[in-house]
Amino acid sequence: LDINDAAPSIVDLPSQVAVSEAESVGTAIVNISLADKDLGMFGVNGVLITIASGNDQGHFAVNNINRTLDVAARLDFEQTKAYNLTLVATDLGGLNTSTPIVVQVLDVNDNSPVFIPESTATARIAESASVGQVVGLAVATDADSGDNAVVSYTLRGSDKLAINASTGTITLVQPLNFENTTNFAVVVTGTDSGTPPLSTTFAVQVLVLDANDFAPVFTQQTYTATLAESPVSGTRVTMTNGSIFATDADGGADAQALQYSLVRTVPPQLKQAFQLDPVTAVITTTPAASLLLDREVLETVVVVVAANNTEEPFLASTANVVVSLLDVNDNAPVWVDLNDPLRLVTSINASVLESASSGTLIATVLATDDDIDASNSQVAYAIATSMPVPFVVDATLGLITIAPAAALDYEMQTTYSFNLTATDGGSPPRKSATLPVTVKVVDVNDNVPFVSVRVAASIAEGSARGTLVATLEVTDADSDNNGEVEALITSSAMRAAMQLLQTSTSMFELRVKNGALLDYEEMGSRIVVPILVKDK
């Protein structure tokens, strides 16, 4: 009989699936396949699949009949964008295994635009208002994401007014006449860019005033300002061509009590980086500014501000504030490949002949700095080592050369190791990580062999072949082939009588080759054997 000795498992389950937030309850998201080596009641037919974690609100359920993971409750991308579920397969004997799966929720255009409370529900316009005057604002937000949240505006109900399709600013496009029309209504439609698009309407009641009322007028249509990147919360934007200020030609309390507001920014996602004092029109930064305002990403931000009357007829006008972001020294230099500046390097290895003269180029290094300002991104190179080395680095070009009056000697030192640093010109300056540099000195043949000779006390004329005459030890301070030596007899007559044998890399023996040629009466009591010693 089969016993329950194998746990069931979920097989071929993708690690991640996607489902639209619009899918209806009961929709199958993914099929679940099982495997169990047991048979009978303990096999796959008796396995129960459950959701062990990640489903606290019950948005998903397992259909154990169809073996599918289904939608069990309405999904909302704006509430939760992904679920990390753990599926557990348990057989009738209690054995189980767990398998994770990530369910990504896809956004659909399921939210209509919603007009914000600050939109102008009732607009009062003097009959003397000039064409182009701002009547009010109708601004809507959309809880969806991406293009689904981009709202455009249209206006119907009157040919006297027009609306900016992008900003929702309502302006007068034809003159008004109080005697002909004292009030009228328009309907603003905010439509998102989803597929299919969703829209919402907003009614604006327009009252025509039989008075000479004026909208606020800014002292300038475009203001300029500066702000250092990554500012702390509450940093004041520095105006460079005058403070933001608007006047009202009406006089009285209406002229004195203007209220300022921040309408939008370009790019729009940076609006959350700024705040505007409604009384003084001073622009300061929010906590989000430290992350959003990066000079390495963006050069300028346009902040659109509005000035409104605080008493009827609540007219408004707008002005642009162009904020130039100033670079701060927030990036340290990094070491990069000279031929591929996108690749970082962690060390430099080079070699040089020991005979190389002062000024010889060893290597060229490069460090880059992502800051924008010239001084913040300017890099100076230096050697950072406690022990002197016979090398210098050009502070500007990064050229590593042999130092003036320095001389290399392979026989004294074969390798030099030292560190380089790169420091930018910011205030305060930022320094790179150290770059280890290893320079290997290559040997050249600059040493002659040295010979030490031990001569036998005497040899008899006619000595037997192989008789030891002298021992030579030949050494050379150079390395490799430059330090390998050889020796040979240069006299043909002596080569006939003597032979030179190499017994090791540095030892040679002079022995009798033909003793018959060693004749005392002919050669005398002393003989000279000319030997040439040389390296290879």
Side-chain angles (χ1 to χ4, degrees), residues 116 118 134 137 139 141 145 149-151 164 166-169 216-247 258-308 316-334 368-380 423-432:
I116 64 175
E118 291 79 7
V134 174
L137 295 171
V139 179
T141 60
S145 63
V150 178
V151 180
N164 185 298
S166 300
T167 66
T169 302
V217 177
F218 284 94
T219 55
Q220 300 186 66
Q221 189 58 41
T222 300
Y223 296 90
T224 57
T226 59
L227 177 66
E229 65 173 325
S230 305
V232 298
S233 178
T235 301
R236 182 169 178 168
V237 174
T238 303
M239 307 303 299
T240 57
N241 67 338
S243 300
I244 301 172
F245 186 73
T247 59
L258 296 180
Q259 189 170 43
Y260 299 93
S261 60
L262 195 157
V263 179
R264 65 186 182 279
T265 61
V266 180
Q269 66 271 22
L270 297 184
K271 183 178 179 181
Q272 58 185 306
F274 299 96
Q275 55 193 358
L276 180 70
D277 188 290
V279 177
T280 65
V282 171
I283 302 175
T284 56
T285 59
T286 68
S290 62
L291 296 177
L292 294 176
L293 301 180
D294 186 349
R295 178 60 183 85
E296 284 71 51
V297 176
L298 193 67
E299 183 176 356
T300 59
V301 181
V302 178
V303 179
V304 181
V305 297
N308 298 76
S317 62
T318 60
N320 295 328
V321 182
V322 180
V323 181
S324 298
L325 295 181
L326 304 179
D327 186 45
V328 298
N329 193 27
D330 55 351
N331 291 282
V334 293
T368 60
D369 191 305
D370 286 340
D371 287 313
I372 300 298
D373 184 80
S375 60
N376 292 339
S377 60
Q378 185 176 12
V379 176
T423 306
D424 63 29
S427 179
R430 296 175 71 96
K431 186 176 292 186
S432 70

* **Derivation and outcome, side chain to side chain contact (heavy atoms under 4.5 Å, CB included), residues Asn329 and Ser427** => CA-CA 7 Å; Asn329 193 27; Ser427 179; over 6 Å; no
* How many angstroms lie between atom CD1 of Ile372 and atom CZ of Arg295, to the nearest 0.5 angstrom? -> 5.0 Å
* Asked: With no hydrogens and no angle check, do the side chains of Asn376 and Asp424 hold a donor and an acceptor under 3.5 Å apart?
  -> no
* Ser324 side chain to Thr226 backbone, donor-acceptor under 3.5 Å -> no
* Side chain Asp369, main chain Ser377, donor-acceptor under 3.5 Å -> no
* To do: Could you please spell out the steps behind the side chain to side chain contact (heavy atoms under 4.5 Å, CB included) verdict for Phe274 and Thr286?
  => CA-CA 5 Å; Phe274 299 96; Thr286 68; 5.6 Å; no
* Is it true that a side-chain atom of Lys271 and a backbone atom of Val263 form a donor plus acceptor pair closer than 3.5 Å? -> yes
* Polar side chain donor-acceptor pair, Thr224 to Thr240, under 3.5 angstrom -> yes
* To do: Look at the side chain of Asn164 and the backbone N and O of Ser166, then say whether any donor-acceptor pair between them is shorter than 3.5 Å.
  => yes
* Asked: Just checking, is any N or O donor in the side chain of Asn320 or Gln221 under 3.5 Å from an acceptor N or O on the other one?
  -> no
* Asked: Can Leu276 and Val282 be said to form a side chain to side chain contact (heavy atoms under 4.5 Å, CB included), step by step?
  -> CA-CA 6 Å; Leu276 180 70; Val282 171; over 6 Å; no
* Structure fact -> To the nearest 0.5 Å, atom CG of Asp327 lies from atom OG of Ser230 at 9.5 Å
